[in-house]
Structures are given as structure tokens and as C-alpha cells.
There are 2 protein chains.
Amino acid sequence: MDVGERLKVIRKQKGLSQRELAKRAGVTNSTISMIEKNSVSPSVSSLKKVLQGIPMSLVEFFSDEGETSATQPVVYGPADFMDLSVDDVKLKLVGKAFGRRAMAFMIETYEPGSDTGEDPYLHDGEEAGLVIRGQFELTVGDEIYHLKEGDAYYFDSTRPHRFRNPYDEPCQIVSATTPANF
Amino acid sequence: MDVGERLKVIRKQKGLSQRELAKRAGVTNSTISMIEKNSVSPSVSSLKKVLQGIPMSLVEFFSDEGETSATQPVVYGPADFMDLSVDDVKLKLVGKAFGRRAMAFMIETYEPGSDTGEDPYLHDGEEAGLVIRGQFELTVGDEIYHLKEGDAYYFDSTRPHRFRNPYDEPCQIVSATTPANF
DNA sequence: TAATTATGTCAAAAATACCGAACATGCCGA
DNA sequence: TCGGCATGTTCGGTATTTTTGACATAATTA
């Protein structure tokens with residue numbers, strides 16, 4: 001892994017000069033210069049300081065996988081979604097023909113007052129989602145969260161969870177669960 | 001983050017002594033000792049060497065696996081998304097702190113004229129997505145599809161694919177890719 | 001054009017990390 | 001109890017990083 005090059009790319013992406021970043025990070029500009037030229041291998045503490053000026057965590061820095069940029073049916077219209085609704089919780093699964101799918105990608109609609117119930121919704125894997133309309137209440141473990149349009153979640157599915165919409169408007173969510181042992 | 005303590009825990013977990021680890025890593029035992037006592041902040045290069053003796057990557061080391069999923073954040077607002085954008089293709093990853101995530105859940109925005117490029121975008125796994133605003137052109141294999149708001153896709157990531165927005169309006173997509181090796 | 005400001009780089013001094021070799025402790029078997 | 005033997009710690013010296021304070025270049029302004 002090319003630490004110097006990576007730092008340089010990130011810094012440029014943020015539109016910072018070596019000196020600006022140095023000031024924010026509390027190090028000197030020459031430190032940045034040398035790190036970027038790989039003429040030194042920074043100490044963890046100083047790299048951390050530098051990244052705080054971005055700001056960026058060490059994990060993010062080292063997970064450079066983000067540099068991406070980055071005969072089944074492929075496209076499904078609303079009419080093609082597979083309906084898995086129960087009561088006021090409407091679930092539309094994308095890719096109904098996909099047999100051994102690795103994940104469940106769904107459009108979920110929670111009508112006012114709807115609830116996935118108290119039952120521990122337990123399964124292996126992880127799930128994530130984004131609110132595209134309305135708001136709802138998410139319980140994970142014993143924490144209760146309130147999510148509104150534009151908010152997202154990501155948690156380990158082994159933790160008991162529950163979706164509830166105590167509000168006046170329907171709430172629409174796009175979600176993904178993996179594996180699709182649903 | 002307590003680098004020394006973390007190293008110590010990992011080393012013990014692997015049943016290694018400071019000297020054993022030192023030998024495998026190609027450093028001296030005193031180095032390990034000092035790192036674990038936080039009497040120094042190791043350079044990236046030496047920490048990397050040490051971890052190779054485990055073996056463990058820097059990402060894994062800093063992603064603090066010790067944290068149970070219960071301590072992970074669950075909800076992410078737009079400000080918390082991790083930005084993986086390149087040029088006119090804007091990628092926002094949900095769950096940046098999730099170390100070994102099983103999937104990448106993202107909000108993608110394709111500006112007019114943007115394109116993920118001709119390069120075969122090849123990786124294992126599967127991916128799905130839903131258009132929440134605008135429209136775009138999806139190429140999978142040698143098929144070209146046109147998706148508009150409300151349409152979705154689901155395909156095997158081993159098939160070469162490409163995202164392109166030749167239209168006048170930005171296109172926004174919610175997507176999920178698994179595994180997150182992208 | 002000249003002065004100004006911003007950029008990145010470099011050399012030597014200061015600070016810090018690392019090595020090599022000792023030291024201290026505890027454990028186990030003779 | 002003693003002598004290995006393995007453990008982790010400490011210390012002086014060496015190697016590396018970081019700062020300090022320059023220099024060179026390019027872009028901007030007077």
C-alpha cells in the first residue's frame with residue numbers, strides 16, 4: 001500500500017494544500033511533504049493527527065478499497081416486484097426470479113401505525129436501509145432510534161430489531177439484508 | 001484508540017509471546033514491549049511488520065474488532081455517510097465504521113453525462129439497486145437497459161456492468177452490493 | 001515588471017522510535 | 001533449593017521521523 005500516494009489523493013480530493021492540512025492537523029508542512037513522497041513512514045500518532053485534519057479515521061484511510069472510482073433478468077419495474085406484504089407492512093422484493101440470491105433487496109412501506117411486532121426479529125447477517133419518504137422508529141437491542149427521510153441504518157441482524165411507524169404518514173424504506181435467509 | 005492495549009489483546013488471543021511475535025515479525029521483543037506499553041507510537045511501517053507476524057492487516061487492526069456489534073452505531077445521517085465519490089459519480093457509503101461489513105449499502109448520484117467507464121466492473125457477488133430519482137442506462141453483459149424512477153435491478157456482479165447517465169437530470173440510486181469487496 | 005502570496009521541497013537540528021543487550025520476575029522440573 | 005527457561009521490562013546507543021527554517025517555483029496583484 002502506497003501511504004504517501006493515498007494521502008496525496010485524499011488531500012487533493014478535499015482541496016487542501018500541504019500547508020493548510022498541516023495547520024489543521026497540527027503538524028508542519030514538511031511532514032506532509034515527506035509522508036506524501038514516501039521518504040518517511042509516519043508514526044501512527046502523527047498519521048492520526050494528519051488524518052484528523054481531513055478529517056478521516058485510520059480505518060477509512062487503510063481501507064482503500066473505496067478507490068473504485070468502481071441468463072437472469074436484470075431490471076425490474078414496480079410491477080415485477082414480488083409482494084411479501086403482511087398487513088400494513090408492505091414488502092416488495094427485487095429480483096423475484098433470482099433463485100439462490102445472496103441478499104434480499106426490498107422496498108418497504110410502513111403504513112401509519114404499522115409495526116413488525118415485538119418478536120425478536122432474529123437472523124444471521126447484516127442489514128441496511130435508507131428512508132426515502134416519511135419517518136419511523138427503529139429499535140435495535142434496547143436502543144430506540146428515530147429516522148427521518150434521508151437517514152440510513154446498518155446493523156448486525158443478530159441483534160433483535162423492530163420497525164414501527166407511530167406517525168401519520170406512510171414511511172418508505174429501501175433495504176438490503178444479507179444473506180437472504182429471509 | 002489504545003494501540004498498545006489492542007496489540008496486546010490480539011497477541012494474547014493468538015497465544016503468542018512478545019518474543020515469538022517479534023521473531024515472526026522481524027523486530028525485537030523490546031519493540032513489542034514498548035508499543036504495548038504505549039511508551040512509543042510505532043511508525044506505520046513497523047506496526048505493519050508487527051501485524052504481518054500475526055498476521056493481520058492494518059484495516060483489521062484499526063477496525064477494532066474487539067467492539068461487539070452492540071457498540072456499533074446503527075443510524076447514520078447524510079453527514080455520516082462515507083464519501084467514495086469520483087468525478088461526477090457520487091457514492092455515499094452507509095455504515096463507515098462497520099469494519100468487516102458483509103455488504104456495501106450506498107446512495108449513488110450520477111450527474112448528467114457521468115459514467116462508470118467501459119472497464120469491466122468485475123467482482124464476485126451480487127448487486128441490486130433502486131432508482132429513487134431520475135433515470136439512467138445500465139449495461140450488463142451486452143444488454144443495455146434503461147431505468148427510470150421506481151425501477152430496480154438485481155444481477156450477478158461477475159457479469160461486466162456499467163452505469164451511465166446520458167440524460168439531463170442527475171440520477172439517484174440506492175444500491176447494495178455483497179460481499180463488500182468492491 | 002516587481003512585489004506578493006501560495007505552492008512543494010530540502011538540509012540540519014531536535015525529538016522520537018528502534019535495536020541490542022542486559023535485568024527482573026515467575027514458573028517448572030530436578 | 002537450585003538451575004534452567006520463558007516471560008516482560010529497562011537502558012544506552014543508533015536509526016528514523018519531525019521540526020525548524022530555509023529555498024525554488026508558479027500564480028496573483030500592484
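Below, all heavy atoms of this structure are taken into account, side chains as well, without hydrogens, waters or symmetry copies. Every chain is numbered from 1 and lettered A, B, ... according to where its sequence line falls, protein lines coming before strand lines.
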Next item on the list: Pick base, sugar-phosphate or nothing for Thr28(A), based on heavy-atom distances below 4.0 Å to the nucleic acid.
Entry: base
Notebook entry, point to check: Counting N and O atoms only, with roles assigned by atom type, does the side chain of Asn165(A) sit under 3.5 Å from a partner on the main chain of Glu169(A), one being a donor and the other an acceptor?
Noted result: yes
Check: What is the nucleic acid contact for Ser33(B), judged by heavy atoms within less than 4.0 Å: base, sugar-phosphate only, or nothing?
Finding: base
Check: Does Lys37(A) place a side-chain N or O at less than 4.0 Å from the phosphate oxygens OP1/OP2 of dT9(C)?
Finding: yes
Margin query: Without decimals, in angstroms, what is the distance between Asn38(B) CG and dT9(D) P?
Written below: 12 Å
Note to self: Measuring to OP1 and OP2 of dT7(C), would you say a side-chain N or O of Gln18(A) lies under 4.0 angstrom away?
What the structure shows: no
Next item on the list: Using only side-chain N and O atoms of Ser17(B), determine if any of them is under 4.0 Å from OP1 or OP2 of dT7(D).
Entry: yes
Checklist line | Glu36(A) and Arg11(A) ion-paired at < 4.0 Å | finding: yes
Next item on the list: Starting from P on dT7(D), measure out to CZ on Arg11(B) and report it in whole angstrom.
Entry: 9 Å
Next item on the list: Ignoring hydrogens and angles, tell me if any N or O in the side chain of Ser41(A) forms a donor-acceptor pair with the backbone of Ser45(B) under 3.5 Å.
Entry: yes
Note to self: For dC18(C) and Ser43(B) - does any side-chain N or O of the residue sit under 4.0 Å from the phosphate oxygens OP1/OP2?
What the structure shows: yes
Notebook entry, point to check: Separation of Met34(A) atom CE from dT19(D) atom C1', in whole Å?
Noted result: 8 Å
Margin query: With side-chain contact (heavy atoms from CB on, under 4.5 Å) as the criterion, how do Ile173(B) and Cys171(B) come out once you've worked through the C-alpha distance, each side chain's angles and the decisive distance to 0.1 Å?
Written below: CA-CA 7 Å; Ile173(B) 298 171; Cys171(B) 177; 4.0 Å; yes
Check: Can you find a donor-acceptor pair, distance only, under 3.5 Å between Ser30(B) side chain and dG20(C) base?
Finding: yes
Notebook entry, point to check: When the distance from NZ of Lys49(A) to P of dT16(C) is rounded to whole Å, what number comes out?
Noted result: 9 Å
Next item on the list: Whole angstrom is fine here: how far is it from NZ in Lys12(A) over to C1' in dG8(C)?
Entry: 9 Å
Check: Atom CG of Asn29(B) to atom C1' of dA6(D): distance rounded to whole Å?
Finding: 12 Å
Note to self: Taking the nucleotide of DNA chain C with the nearest heavy atom to each, does Arg19(B) or Ile35(B) sit closer to the 5' end?
What the structure shows: Ile35(B)
Notebook entry, point to check: Mind checking whether Phe62(A) and Phe62(B) have ring centres under 6.0 Å apart?
Noted result: yes
Item checked: Separation of dG8(D) C1' from Leu7(B) CG (nearest whole Å) -> 13 Å
Next item on the list: Specify the separation, in whole Å, of atom NZ of Lys23(B) and atom C1' of dC19(C).
Entry: 18 Å
